[in-house]
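Below is one structure, written out as structure tokens; the observations come after it.
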There are 2 protein chains.
Amino acid sequence: MEIRQTFARNLRIARQAKGLSQEEVAHRAGIDRTYISSLEREVYSPTIDVVERLAQAMEMDPLDLLRTTPAPT
Amino acid sequence: MEIRQTFARNLRIARQAKGLSQEEVAHRAGIDRTYISSLEREVYSPTIDVVERLAQAMEMDPLDLLRTTPAPT
DNA sequence: TTGTGACTTGTAGTCCGTT
DNA sequence: CAACGGACTACAAGTCACA
């Protein structure tokens, strides 16, 4: 399983779990809304800097966005 | 602590712990030798694809290259 | 609210070399 | 063996209009 795919899935799931729109996350992370959309669709492989910014925007550990097995609460 | 810095340190430490040269890791991962050098010096923020390839080349979990606290064996 | 295409810009990543 | 420079190419990063 590619890490890019894992990230894409985790991003979407975590975002929805927190009840946030792509636009809201984009705003908080200082990233364009359509770019977030692209990441969730696996168009790009993000840099670790972007992963970190997205994690901060969603108040979570960057590693949890890359983990194959989602961490339970 | 920036994730880029964490990655840079972990990469160098893990590589040296396995007794590998930058060139050897580069060869195994199919990545340029000078780029590995740059990553260890925090010049660039790698994509998660590169992180994955480097981890595979060193036979370790990609997450361990990004973890603040290095995982024990 | 999200997906998508077309686009520009910046940097990731390569390849040559020298120190 | 590694740091570092310059010149280059590939693709991530970021913007916009529209369905």
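Convention: sequence-line order gives letters A, B, ...; per-chain numbering from 1.
Between the OH atom of Tyr44(A) and the C1' atom of dG13(C) there is a distance of 17 Å, rounded to whole Å. Spacing between atom CG of Asp49(B) and atom C1' of dT14(C) amounts to 17 Å, rounded to whole angstrom units. Atom CG of Leu39(A) and atom C1' of dT4(C) are 15 Å apart (whole Å). The interatomic distance linking Leu20(A) (CG) with dT1(C) (P) rounds to 12 Å, in whole Å. Remark: P of dT14(C) and CD of Glu23(B) are 14 Å apart, rounded to the nearest angstrom. Note: CZ (Arg41(B)) to C1' (dC4(D)) measures 6 Å, nearest angstrom. A straight line from CD of Glu42(A) to P of dT4(C) spans 12 Å, rounded to a whole angstrom. Remark: P of dT4(C) and CD of Gln22(A) are 11 Å apart, rounded to the nearest angstrom.
Comparing dC4(D), dT2(C), dG13(C) by their nearest atom to the side chain of Arg12(A) picks out dT2(C). Picking from dT4(C), dA12(D), dG13(C) the nucleotide with the shortest atom distance to the side chain of Arg4(A) gives dA12(D). Across dG13(C), dA3(D), dA12(D), the shortest atom-to-atom separation from the side chain of Thr47(A) is found for dA12(D).
Within the 4.5 Å cutoff, no side-chain heavy atoms of Lys18(A) are placed close to those of Glu24(A). The closest side-chain heavy-atom distance from Phe7(B) to Leu54(B) is below 4.5 Å. Proximity of Arg12(A) to Gln22(A): side-chain heavy atoms (C-beta onward) are separated by under 4.5 Å at one or more points.
Atom CD of Glu23(A) has 12 or fewer heavy atoms from other residues, nucleotides or ligands within 6.0 Å.
For the pairing with Leu11(B), the side chain to side chain contact (heavy atoms under 4.5 Å, CB included) check across Leu66(B), Leu39(B), Val51(B) returns one residue only, Leu39(B).
Criterion: ILVMFWY side-chain heavy atoms under 4.5 Å apart, direct or through other members. Under it, Leu65(A) and Ile13(A) are not part of a common hydrophobic cluster.
Side-chain contact annotation: Ser37(B) with Arg41(B), donor-acceptor N/O pair under 3.5 Å present. Thr47(B) and Asp49(B) are not linked by any side-chain donor-acceptor pair at a separation below 3.5 angstrom, with hydrogens and angles left out of the test.
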Inset, instruction - Let me have DNA chain C in dot-bracket notation, would you? Count Watson-Crick plus G-U wobble pairs, both distances under 3.5 Å, and use [ ] for pairs crossing earlier ones and | for inter-strand partners. - result: .||||||||||||||.|||
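Residues from residues 29-38 of chain B placing a heavy atom under 4.0 Å of any atom in DNA chain D, listed by number, are Arg33(B), Thr34(B), Ser37(B).
Within the 4.0 Å cut-off from OP1 or OP2 of dG14(D), at least one side-chain nitrogen or oxygen of Arg53(A) is found.
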Inset, instruction - Take Arg15(B) and Glu40(B), measure what side-chain contact (heavy atoms from CB on, under 4.5 Å) needs, and give me the verdict at the end. - result: CA-CA 10 Å; Arg15(B) 180 178 64 75; Glu40(B) 292 190 352; 2.6 Å; yes
